[in-house]
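Below, read A as the first sequence line, B as the second, and so on, with proteins coming before strands; counting in each chain starts at 1. Hydrogens, waters and symmetry mates play no part in the numbers below; they use all other heavy atoms, side chains included. The structure presented is a predicted model; accordingly, all values stated were derived computationally and were not measured.
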Number of protein chains: 2
Amino acid sequence: MAITLKSLPDKTVERLSQYRRNLLVCLSKGKQHIFSHEIANIQNITPVQVRRDLMLIGYTGTLRKGYDVKELIDLIGRILDSRTGMKVCVVGVGNLGRSLISYFNGRRSKLSIVAGFDTNPEKVDKVYAGVHCYHSDRLNEIIKRDEITIAIITVPAEQSPGVAEKLVIAGIKGILNYTPKSVNVPPQVYLEEYDMVTSLEKVSYFVKKNAGIE
Amino acid sequence: MAITLKSLPDKTVERLSQYRRNLLVCLSKGKQHIFSHEIANIQNITPVQVRRDLMLIGYTGTLRKGYDVKELIDLIGRILDSRTGMKVCVVGVGNLGRSLISYFNGRRSKLSIVAGFDTNPEKVDKVYAGVHCYHSDRLNEIIKRDEITIAIITVPAEQSPGVAEKLVIAGIKGILNYTPKSVNVPPQVYLEEYDMVTSLEKVSYFVKKNAGIE
DNA sequence: GTTTGGTTGTTACAAAAATAACAATGTTAA
DNA sequence: TTAACATTGTTATTTTTGTAACAACCAAAC
């Protein structure tokens, strides 16, 4: 009877992912204990924030020795990862889709990209970084067959709403949309959207601001 | 004597970028006026939020007719864009770098990617989507020569801190870091970091949560 | 021993962001 | 002409996020 604890804050979840990644690097260098301010330095945040996050997940370090790297990695894993692992597909195997696949594969054992989809006949049934690319017509079939729960959308913007709709029908539980066009999903499907152009324009705005009078 | 108005909230800036993008689509369809709830629907946000953002930039619509699409686009442009335009470079011309270049080019007239950098001799002096790729050794030289103010980092993670340092020395004013390794820059350089693996792990976490007891 | 110092865990406070509430306004319809 | 309505602009409230303050603890130094 696993209790479903209250959801962690958004930002804490993001930082937990980063803690783990950096802790794995530390571990590979033979570091066994780490202080909150060391973690903080790596990620350009404050030690308080680190301690607060760890408090939220109920992890307790030892005084003057800091946190046990291995233990903490394991705990974050128990929080972030699903026990059995989750399968991910990428819809749209263009430059961005391919970079995600190659970047990802073999990195997280509990989260793996197992299929790509594209309509371009040149790409269909090719293999990219170990991932088979299927024709988009087979979306529903493959998602159900392989029990895929998460989808990343990297198609041209105008196609994303249609893709999202098909994904929802196929039973996808979470969507990461990298197109600039926002999509609509029912509330039980978790949606995260990110647009690179917006980020760049944001940088541009603040650079302009920093420059003062222009 | 242009007054430097108080900086807009982070999130408002992001949404302004999206408003403009969507308004341009509306305009191209011949739509001349738009209501706050229409804008909101397109972006899956609330009408109040739209009105609030527009209030912050001092734009006033007309009652019962909504906002003038053209006027609003122009105003957002005056806020987000620098008058003369800004030049951007991409450091690391892998899959991700190339997808950014091809995705970007010709989209925003005031913000253009004018150079790529890579250490791979295969790529040096090739042209990708109209953008010349230089050897990374020439970072400093080219940035100064072309008056580039913004850099996007898409190199392998372990190289990003070194790259950031060189960019700062070259006089870059804003950095968008897409590697999972956080970089350190002086406060006058605006820094935005985004990591795709973290986003995916976040989706995974909330999918798991939504599933309840597992 | 006792004091000093560094580090944790937690509570209290502040800032940023989102949401709600509502007055103001002018258009349309009776 | 007046009432109803749709829509804006703004203020107030709530929620989320980050920061600061500080007590508790224990190891090491004296």
Side-chain angles (χ1 to χ4, degrees), chain A residues 5-19 23 26 31-69 71-72 75 182 187 190-193 198 202 205-206 209, chain B residues 5-19 23 31-69 71-72 75-76 182 187 190-193 198 202 205-206 209:
Chain A
L5 20 117
K6 197 174 167 311
S7 219
L8 294 167
D10 236 68
K11 300 289 176 186
T12 295
V13 173
E14 290 180 14
R15 282 190 297 266
L16 285 176
S17 159
Q18 286 159 4
Y19 295 153
L23 288 170
C26 291
K31 196 165 173 56
Q32 295 187 350
H33 294 274
I34 193 165
F35 296 124
S36 61
H37 67 260
E38 293 179 293
I39 298 178
N41 280 341
I42 298 173
Q43 295 180 206
N44 286 324
I45 57 176
T46 66
V48 192
Q49 205 161 38
V50 174
R51 296 205 299 275
R52 217 165 176 295
D53 286 335
L54 298 190
M55 186 186 75
L56 287 175
I57 64 172
Y59 184 67
T60 269
T62 52
L63 203 49
R64 293 192 67 83
K65 258 178 114 178
Y67 305 96
D68 185 300
V69 175
E71 267 179 33
L72 189 46
L75 176 58
S182 184
Y190 184 84
L191 174 66
E192 173 92 7
E193 306 199 298
T198 288
K202 186 175 159 193
Y205 171 80
F206 283 106
K209 269 291 155 220
Chain B
L5 21 116
K6 199 174 166 308
S7 217
L8 294 167
D10 236 69
K11 300 289 176 184
T12 295
V13 174
E14 290 180 13
R15 282 190 297 266
L16 285 176
S17 159
Q18 287 158 5
Y19 296 154
L23 287 170
K31 197 167 171 57
Q32 296 187 350
H33 293 273
I34 193 165
F35 296 124
S36 61
H37 67 260
E38 293 178 293
I39 298 178
N41 280 342
I42 298 173
Q43 295 180 205
N44 285 323
I45 57 177
T46 65
V48 191
Q49 206 160 38
V50 175
R51 295 206 298 274
R52 221 169 174 295
D53 286 335
L54 298 191
M55 185 186 76
L56 287 175
I57 64 172
Y59 184 67
T60 271
T62 51
L63 204 47
R64 295 191 68 81
K65 259 180 113 179
Y67 305 97
D68 184 300
V69 176
E71 267 179 32
L72 190 45
L75 176 57
I76 295 176
S182 183
Y190 184 84
L191 174 65
E192 172 93 6
E193 306 199 299
T198 288
K202 186 174 159 193
Y205 170 80
F206 284 106
K209 269 291 155 219

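Looking at heavy-atom distances under 4.0 Å, Ser36(B) makes contact with sugar-phosphate atoms alone, never a base.
When the C1' atom of dA15(C) is taken as reference, atom NZ of Lys11(A) falls 14 Å away, rounded to whole Å. In this entry the distance linking CD of Glu14(B) with C1' of dA16(C) reads 13 Å, nearest Å. Between the P atom of dA17(C) and the CD1 atom of Ile45(B) lies a distance of 14 Å, rounded to the nearest Å. Gln49(B) has its CD atom 11 Å from the P atom of dA17(C), to the nearest Å. Rounded to a whole Å, the CZ atom of Phe35(B) is 11 Å from the P atom of dA6(D). The separation between His33(A) atom NE2 and dT8(C) atom C1' is 15 Å, rounded to whole Å. Asp10(A) places its CG atom 14 Å from the C1' atom of dG18(D), with the value rounded to the nearest Å. Between the C1' atom of dG9(D) and the NE2 atom of His37(B) lies a distance of 17 Å, rounded to the nearest Å.
Taking 4.0 angstrom as the limit, Thr60(B) places a side-chain polar atom (N or O) nearer than this to OP1 or OP2 of dG9(D). Not one side-chain nitrogen or oxygen of Arg52(B) sits closer than 4.0 Å to the OP1 or OP2 atom of dA20(C). OP1 or OP2 of dA18(C) lies within a sub-4.0 Å distance of a side-chain N or O belonging to Arg15(B).
Judged by distance alone, with hydrogens and angles left aside, the side-chain atoms of Tyr19(A) form no donor-acceptor pair with the main-chain N or O of Asp53(A) at under 3.5 Å.
Of the two residues near DNA chain D, Thr62(B) and Thr46(A), the one whose nearest nucleotide lies more 5' is Thr62(B). Two residues, Arg51(A) and Thr12(A), neighbour DNA chain D, and the one matched to the more 5' nucleotide by heavy-atom proximity is Thr12(A).
In this structure, the nucleotide among dA21(D), dT11(D), dC26(D) sitting nearest to the side chain of Met55(B) is dT11(D).
If you take CG on Asn44(A) and CG on Asn41(A), they are separated by 8.0 Å, rounding to the nearest 0.5 Å. The CD atom of Gln18(B) sits 10.5 Å away from the CD1 atom of Ile76(B) when rounded to the nearest 0.5 Å.
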Report task. Quick one: do Arg51(B) and Met55(B) satisfy side-chain contact (heavy atoms from CB on, under 4.5 Å)? Show the steps, please. Result -> CA-CA 6 Å; Arg51(B) 295 206 298 274; Met55(B) 185 186 76; over 6 Å; no
Report task. List the steps and the verdict of side-chain contact (heavy atoms from CB on, under 4.5 Å) for Leu54(B) and Tyr67(B). Result -> CA-CA 10 Å; Leu54(B) 298 191; Tyr67(B) 305 97; 3.5 Å; yes
